Trainee: 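Structure incoming, see below.
The chain is numbered in sequence order, starting from 1. Predicted model only: the values in this text are computed from it and were never measured.
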Amino acid sequence: MTVLLKIRRFGAFGVFHANGTGVQLGAKHQALVALLSTAEGGIRTRAFLEKTLWCLAQPEQAKASLRTALSTLRRHLGPEAAKLLYANRERVILDLTRAELDSCTGNAEFMEGFELPHEAVFNAWLAEARAEFSRRPAAQAPLGGTSPGRVILDGLLPSIAVLPFAHRAPGEATAPLGSLMSEELSRYLSRSWAFSVTSFLASRQFNPETVRPAEVSSVAGADYLVSGTVSSGGGRFHAEIDLHDAVREKVIWSRCFEGALDNLMEGRSKVLRNATLQIGQTAAGEAVRLADFQPLRNLESHTLLMAAISLMQEMEVQKFQQAYSILTHLLERERGHALPLTWTGFWHVMRVERGLSRNREDDCRKASQMAEAAIEAAPGFSLAHTLKGLISSHLTFRFDQALDAYDLALRDNPNEALALLLKGATLAYQDMPDEAVQMTDAARRLTPLGPQCYYFDALSALANLSARNYGRAIELADRSLEAKRSFPVPLRSKAIALQMSGQDAEARSTVQKLLEAAPEFCLSQFQRDNPAAMSPAGREWASALRQAGVPE
């Protein structure tokens with residue numbers, strides 16, 4: 001990626017264009033660049049910058065000063081380099097992937113001789129930064145300008161290829177309907193955690209009429225293969241879709257679907273979305289079946305990973321624990337790989353969420369260790385940053401840290417649905433209901449097409465509850481409960497929504513189901529462990545739960 005900016009931090013501080021031309025900046029603007037260039041991912045909250053750079057100013061004055069400083073800094077950087085600096089209502093971000101940062105060499109001091117008179121908070125930060133850099137060996141100086149890169153993790157995911165569908169009469173054979181169908185399916189599948197999707201353009205080399213699944217497997221490296229036929233007429237299409245185990249040349253799933261051609265042409269076919277969901281669930285179920293009947297050492301790593309992720313979603317304690325056994329085996333088998341590290345971290349968080357943890361602090365510590373190890377192994381892995389955010393938001397209630405982690409995840413992968421979902425939930429915990437609903441709605445549109453859909457519905461219900469959209473919250477909670485009837489999160493949201501909308505009897509009935517699913521749940525636990533408990537909305541929710549029969 002083209003470097004647009006060079007920042008010299010050790011010795012005399014300086015900012016330069018890519019050609020070496022210096023950018024003349026005042027002391028406050030240099031300090032702003034220094035703060036951003038030393039932050040993880042180049043991200044600082046507005047609140048941190050306002051407090052650090054304008055510690056003596058009133059809050060509104062500090063906000064205005066930061067806005068002015070950002071505008072002036074962009075003007076000094078020029079039209080190209082200014083593209084690296086962007087901000088929203090909460091954060092200021094410097095795109096470090098296109099900036100070149102120097103390393104600490106010799107005895108050069110960080111920002112040598114620099115200070116901001118009367119800004120005690122910044123000067124204290126500067127002293128701590130200098131001390132930290134002086135303790136690090138030169139080789140370990142942070143290279144913030146190097147791009148973390150989009151890490152390639154496909155080696156542990158099963159690959160899937162979608163062949164162009166064969167067109168069958170009757171229908172308009174002149175239209176490339178078969179290719180369109182296959183391309184849309186490939187696009188939907190690429191949103192799933194379950195697969196590494198072979199490019200549709202690469203799949204077009206195969207003749208769907210004559211090719212054998214094993215041939216696709218050997219040429220394209222595909223573990224699974226989707227094929228099918230399609231016909232059309234009267235503004236509708238009819239598709240027959242098959243899922244093959246490409247290596248064993250076995251059809252493991254076959255279904256017929258019908259839908260509107262207009263929706264297909266516009267890229268919003270619910271029929272194909274449903275088909276993709278079923279494909280993901282079938283492949284995951286096949287992985288669980290194989291893990292149940294074959295020794296772990298004989299199974300491919302990707303089969304083990306799919307089985308573990310699927311079992312993690314089960315409400316039965318035995319199956320949930322089985323997922324941990326598989327992940328432990330996978331950690332040993334794939335040492336240092338970010339995927340099993342990340343999913344093991346998610347397992348520890350989910351154990352707390354479901355009320356199964358005997359030691360919340362221990363699970364939090366282990367989840368954090370897994371997240372850090374995964375990020376160290378793959379700095380640009382969005383799911384690992386998502387895990388780090390989940391720990392901060394749901395276990396330690398450090399919402400600023402959580403939002404920073406989700407932003408890092410979304411910078412690596414703007415379609416990381418889980419990061420969008422959890423960011424929305426975090427905004428709900430902070431009494432930002434409109435933003436929460438918007439974020440969780442966006443996440444549900446990108447929902448991973450596998451066994452996690454219930455979780456997306458559950459947290460979307462929570463966001464709508466925070467916005468007082470009680471009918472919608474109940475609807476989404478019911479959708480989640482259709483898949484996982486004993487999941488405590490939607491049961492809790494539904495009980496609150498029913499009570500707060502005046503449906504007292506239904507609320508009490510839902511609370512009984514909640515207490516059956518989580519016998520130890522009580523108000524003191526909710527107030528201690530729920531991220532929203534200390535917010536105004538959380539206090540209302542606690543009152544609603546009390547009225548609906550949750551014990552103290």
Trainee: For the residue pair Ser254 and Asp242, confirm or rule out a side-chain donor-acceptor distance under 3.5 Å.
Mentor: yes
Trainee: Going by distance alone, is a donor N or O of one side chain under 3.5 Å from an acceptor N or O of the other, for Glu353 and Tyr455?
Mentor: yes
Trainee: Is there side-chain contact between Leu225 and Leu163, with heavy atoms separated by less than 4.5 Å?
Mentor: yes
Trainee: State plainly whether the residues Arg365 and Asp362 are in salt-bridge range, i.e. N to O under 4.0 Å.
Mentor: yes
Trainee: For Gln438, does the CD atom have more than 12 heavy-atom neighbours from other residues, nucleotides or ligands under 6.0 Å away?
Mentor: no
Trainee: List the steps and the verdict of side-chain contact (heavy atoms from CB on, under 4.5 Å) for Leu427 and Gln430.
Mentor: CA-CA 5 Å; Leu427 295 174; Gln430 294 182 286; 4.3 Å; yes
Trainee: Quick one: closest heavy-atom pair of Leu421 and Thr440, and the distance?
Mentor: O-CG2, 3.8 Å
Trainee: Hey, is CZ on Arg398 packed in by over 12 heavy atoms from elsewhere, all under 6.0 Å?
Mentor: no
Trainee: About how many Å separate CG of Leu481 and CG of Asp457, when rounded to the nearest 0.5 Å?
Mentor: 9.5 Å
Trainee: Just so I know, are the side chains of Asp504 and Gln499 near enough to count as touching, which here means a heavy-atom distance under 4.5 Å?
Mentor: yes
Trainee: Just wondering, do His394 and Leu422 contact through their side chains at under 4.5 Å, heavy atoms?
Mentor: yes
Trainee: Could you measure the distance from the CD1 atom of Ile309 to the CG atom of Leu304? Nearest 0.5 Å is fine.
Mentor: 11.0 Å
Trainee: Quick test of your reading of the model: are Glu506 and Lys494 salt-bridged, counting only N-O distances below 4.0 Å?
Mentor: no
Trainee: Between Gln313 and Met350, does the side-chain contact (heavy atoms from CB on, under 4.5 Å) criterion hold? Intermediate values first, please.
Mentor: CA-CA 9 Å; Gln313 316 307 318; Met350 291 173 72; 3.9 Å; yes
Trainee: Kindly give the heavy-atom pair with the smallest separation between Leu545 and Ala495, and that separation in Å.
Mentor: CD2-CB, 4.4 Å
Trainee: Looking only at heavy atoms, which two atoms of Pro340 and Leu327 are closest? And how far apart?
Mentor: O-CD2, 4.4 Å
Trainee: Are any of the side-chain heavy atoms of Met500 and Trp541 separated by less than 4.5 Å?
Mentor: yes
Trainee: Salt-bridge test for Arg351 and Asp363: reply yes if a basic N is under 4.0 Å from a carboxylate O, no otherwise.
Mentor: yes
Trainee: Any donor-acceptor pair under 3.5 Å linking the side chain of Asn464 with the backbone of Ser460?
Mentor: yes
Trainee: May I ask you to decide whether Arg479 forms a salt bridge with Glu482, counting only side-chain N to carboxylate O separations under 4.0 Å?
Mentor: no
Trainee: Rounded to the nearest 0.5 Å, how far does CD1 of Ile160 lie from CD1 of Ile279?
Mentor: 6.0 Å
Trainee: Tell me, please, which residues at least two apart from Phe320 pass ring pair (Phe, Tyr, Trp, His ring centres under 6.0 Å).
Mentor: Trp347
Trainee: Going by an N to O cut-off under 4.0 Å, is there a salt bridge joining Lys484 and Glu314?
Mentor: yes
Trainee: Looking just at side-chain N and O atoms, do Ser393 and Tyr406 make a donor-acceptor pair shorter than 3.5 Å?
Mentor: yes
Trainee: Taking atom CD as the centre, does Glu376 end up with more than 12 heavy-atom neighbours from other residues, nucleotides or ligands that are less than 6.0 angstrom away?
Mentor: no
Trainee: On a heavy-atom basis, which atom in Ala548 and which in Arg508 lie closest, and how many Å separate them?
Mentor: O-CG, 3.4 Å
Trainee: Closest heavy-atom contact between Ile326 and Ala307?
Mentor: CD1-CB, 4.2 Å
Trainee: Between Gly389 and Ala402, what is the shortest heavy-atom contact and its length?
Mentor: O-CB, 3.4 Å
Trainee: State, yes or no, whether a side-chain contact exists between Leu515 and Pro551 at a heavy-atom distance under 4.5 Å.
Mentor: yes
Trainee: Report yes if some heavy atom in the side chain of Phe397 is under 4.5 Å from a heavy atom in the side chain of Ser392; otherwise report no.
Mentor: no
Trainee: May I ask you to check whether over 12 heavy atoms, not counting those of Arg358, lie within 6.0 Å of atom CZ?
Mentor: no
Trainee: Taking ring pair (Phe, Tyr, Trp, His ring centres under 6.0 Å) as the definition, give me every residue that meets it alongside Phe237, ordered by chain and number, with sequence neighbours left out.
Mentor: none
Trainee: Could you go through the side-chain contact (heavy atoms from CB on, under 4.5 Å) check for Val271 and Glu258 one step at a time?
Mentor: CA-CA 7 Å; Val271 171; Glu258 288 191 1; over 6 Å; no
Trainee: Could you check whether Tyr470 and Arg468, counting side-chain N and O atoms only, form a donor-acceptor pair closer than 3.5 Å?
Mentor: yes
Trainee: Compare all side-chain heavy atoms of Leu498 with those of Ile474 and state whether any distance is below 4.5 angstrom.
Mentor: yes
Trainee: Would you compute the distance between atom NZ of Lys423 and atom CG of Leu390 and round it to the nearest 0.5 angstrom?
Mentor: 15.5 Å
Trainee: Are Phe346 and Met370 packed together at the side-chain level, in the sense that at least one heavy-atom pair is separated by less than 4.5 angstrom?
Mentor: no
Trainee: Just verifying a value: how many Å separate Leu330 CG and Ser325 OG, rounded to the nearest 0.5 Å?
Mentor: 12.5 Å
Trainee: Any chance you could lay out the side-chain contact (heavy atoms from CB on, under 4.5 Å) test for Arg255 and Ile241, step after step, and finish with the verdict?
Mentor: CA-CA 6 Å; Arg255 294 289 188 278; Ile241 306 176; 5.7 Å; no
Trainee: Do Ser232 and His238 have a side chain donor and acceptor closer than 3.5 Å?
Mentor: no
Trainee: Would you say the side-chain atoms of Ser509 pair up with the backbone N or O of Ala505, donor to acceptor, closer than 3.5 Å?
Mentor: no
Trainee: Between atom CE of Met312 and atom CD of Gln321, what is the distance when rounded to the nearest 0.5 Å?
Mentor: 12.0 Å
Trainee: Without hydrogens or angle criteria, can the side chains of Thr328 and Glu332 be said to hold a donor-acceptor pair below 3.5 Å?
Mentor: no
Trainee: Tell me, which pairs form a ring-ring contact (aromatic ring centres under 6.0 Å, His included) where one or both residues lie in residues 482-522, sequence neighbours left out?
Mentor: Tyr454-Phe487
